[in-house]
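First comes the structure, then the notes that go with it.
Proteins get letters first, then strands, A, B, ... in listed order; numbering begins at 1 in each.
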2 protein chains.
Amino acid sequence: MARKTGSHSEITGPKIRAEAQRLFARHGFAAVSMRQIAAAVGVQAGALYLYTSDKEALLFDLLKTHMDELIAAWRAEAPAGAEPLAALEAFVRFHIRFNLERAEVVFLSYMELRNLSEENFAVIEGLRKTYETELEQILMAGQAAGVFLIPDTKLATMAIIAMLTGVNTWYREGGRLSRATVADIYWDMVRKAVGA
Amino acid sequence: MARKTGSHSEITGPKIRAEAQRLFARHGFAAVSMRQIAAAVGVQAGALYLYTSDKEALLFDLLKTHMDELIAAWRAEAPAGAEPLAALEAFVRFHIRFNLERAEVVFLSYMELRNLSEENFAVIEGLRKTYETELEQILMAGQAAGVFLIPDTKLATMAIIAMLTGVNTWYREGGRLSRATVADIYWDMVRKAVGA
DNA sequence: GTCTATACCACGATAGAC
DNA sequence: GTCTATCGTGGTATAGAC
């Protein structure tokens with residue numbers, strides 16, 4: 001017996017997060033209304049509050065989950081005990097691939113931080129810092145081993161991450177270059193930039 | 001005889017743009033109301049419409065002016081007939097300096113493009129493309145002359161601009177490094193990245 | 001050129017029926 | 001768990017007095 005209403009919490013919860021992510025990425029957090037999200041999910045606006053305490057919590061949940069998954073994915077993939085050069089190459093390829101696979105939420109992570117409360121902002125910033133430190137430690141190890149020639153590992157960390165994340169702003173599926181080719185080219189530039 | 005009301009259009013116009021830029025950069029275009037802008041300027045909300053046709057036109061005016069000034073400033077400063085290596089160094093130092101000097105509107109240019117109408121978006125994108133082409137031509141000239149070793153000048157253009165613009169996300173006045181030192185370090189990394 | 005006043009609409013969030 | 005209905009607020013933009 002199909003019915004129009006009833007219990008769908010296992011479907012509705014993830015669907016709300018998915019639609020919110022899509023709409024926030026497309027139009028911006030402040031420009032998207034709870035009514036729009038509800039319409040995209042197929043429920044009434046009031047029903048959203050069964051799954052989230054308020055609009056900001058919805059954004060924070062998306063960003064927090066993303067950062068946790070980013071760090072966990074890198075740590076699962078990082079070659080243990082590898083030489084700095086191999087570790088750096090792994091990082092470059094991982095960052096480009098992971099960010100292209102999750103372009104929407106990556107975009108959110110860069111654009112919508114200021115819509116978080118002070119406490120929630122600090123949480124996301126801390127996770128971002130944790131991720132950046134993973135790269136910086138590779139650079140420092142390579143510098144100490146004499147295989148990299150980097151004037152400042154802190155600035156090199158920021159420069160490399162900005163450069164890699166920038167791929168998301170112009171890459172289009174089905175364009176001139178495949179993801180693998182883009183990764184090859186960026187790895188070439190990063191390798192040279194650190195003097196390896 | 002001072003009077004409370006009267007003609008102030010020569011002051012009010014620029015003041016509206018300045019306050020709008022500050023508020024848009026701080027809170028995001030969609031999150032700032034016309035009432036907030038008016039309050040910061042010291043007029044009533046309705047008075048803003050003497051200077052702008054609507055809220056989006058205010059944003060477009062800021063971005064268009066910025067892009068025009070960016071391109072004009074670079075063309076005024078670009079060393080005429082210089083070697084590719086010198087031209088690239090000039091570009092790197094110019095981009096970092098100009099963007100740090102105008103951090104607010106640069107931030108807007110990256111964050112608020114989606115709040116423009118289709119036509120206005122195309123105008124800004126065209127100007128951005130024009131600016132990027134200035135760099136790409138330097139890279140192509142150096143590649144042709146054999147002084148650069150770049151796998152793909154298009155990607156190198158995007159990578160370098162992303163890397164340089166990224167300085168704006170972390171640089172704080174009075175921090176560990178001066179602007180000049182930051183420019184030195186970034187120039188070192190860019191120079192190596194292009195194989196020079 | 002700026003003001004007050006306001007039209008009109010959409011917002012986030014909640015209450016209570018089913 | 002979802003619905004309808006609604007509260008209170010604040011949004012953009014305009015009208016008309018001064």
Could you state the CG-P distance from B/L50 to D/dA13, rounded to the nearest angstrom? 14 Å
Could you work out which one of D/dA13, C/dT2, D/dG1 sits closest to the side chain of B/Y49? D/dA13
Side chains of B/T133 and B/T130: is there a donor and an acceptor less than 3.5 Å apart? no
Who are the ring pair (Phe, Tyr, Trp, His ring centres under 6.0 Å) partners of A/Y171, not counting sequence neighbours? none
Has B/K192 got a side-chain atom pairing as donor or acceptor with A/L149's backbone, closer than 3.5 angstrom? yes
Whole-Å gap separating P (D/dG1) and NZ (A/K15): 16 Å
If I take atom CG in residue B/N115 and atom C1' in nucleotide D/dT12, what distance separates them, rounded to the nearest angstrom? 15 Å
CG of B/D54 versus C1' of D/dT14: gap in Å, rounded? 13 Å
Tell me whether B/N168 contacts the main-chain N or O of B/N99 through its side chain, where contact means a donor paired with an acceptor under 3.5 Å. yes
Using a cutoff of under 3.5 Å, can you pull out all pairs of nitrogen or oxygen atoms linking the protein to nucleotides 15-18 of chain C, with atom names and distances?
none

Is the positively charged end of A/R128 above the ring of A/Y110, judged by distance under 6.0 angstrom from the centroid and angle within 45° of the axis? yes
Report yes if at least one side-chain N or O of B/T12 is closer than 4.0 Å to OP1 or OP2 of C/dT2; otherwise report no. yes
Just the table, please: protein N/O against nucleotides 6-11 of chain C N/O, every pair under 3.5 Å.
from	atom 1	to	atom 2	distance (Å)
C/dC11	OP1	A/S33	OG	3.0

Is any NZ, NE, NH1 or NH2 atom of the basic residue among A/E134 and A/K129 found under 4.0 Å from an Asp or Glu carboxylate oxygen of the other? no
Pick one: which of B/Y131, B/F91, B/F98 meets ring pair (Phe, Tyr, Trp, His ring centres under 6.0 Å) with B/W74? B/F91
Taking CZ from B/F29 and C1' from D/dG11, how many angstroms apart are they, rounded to a whole number? 12 Å
Whole Å only: how far is the CD atom of B/Q44 from the C1' atom of C/dG1? 13 Å
In whole angstrom, what separates B/L23's CG from D/dT12's P? 12 Å
Separation of A/L48 atom CG from C/dT14 atom P, in whole Å? 12 Å
Assess B/R93 against B/Y186: is NZ or CZ under 6.0 Å from the centre of the six-membered ring, and within 45 degrees of the ring's axis? no
Indicate whether any N or O donor in one side chain lies under 3.5 Å from an N or O acceptor in the other, for A/E56 and A/N120. yes
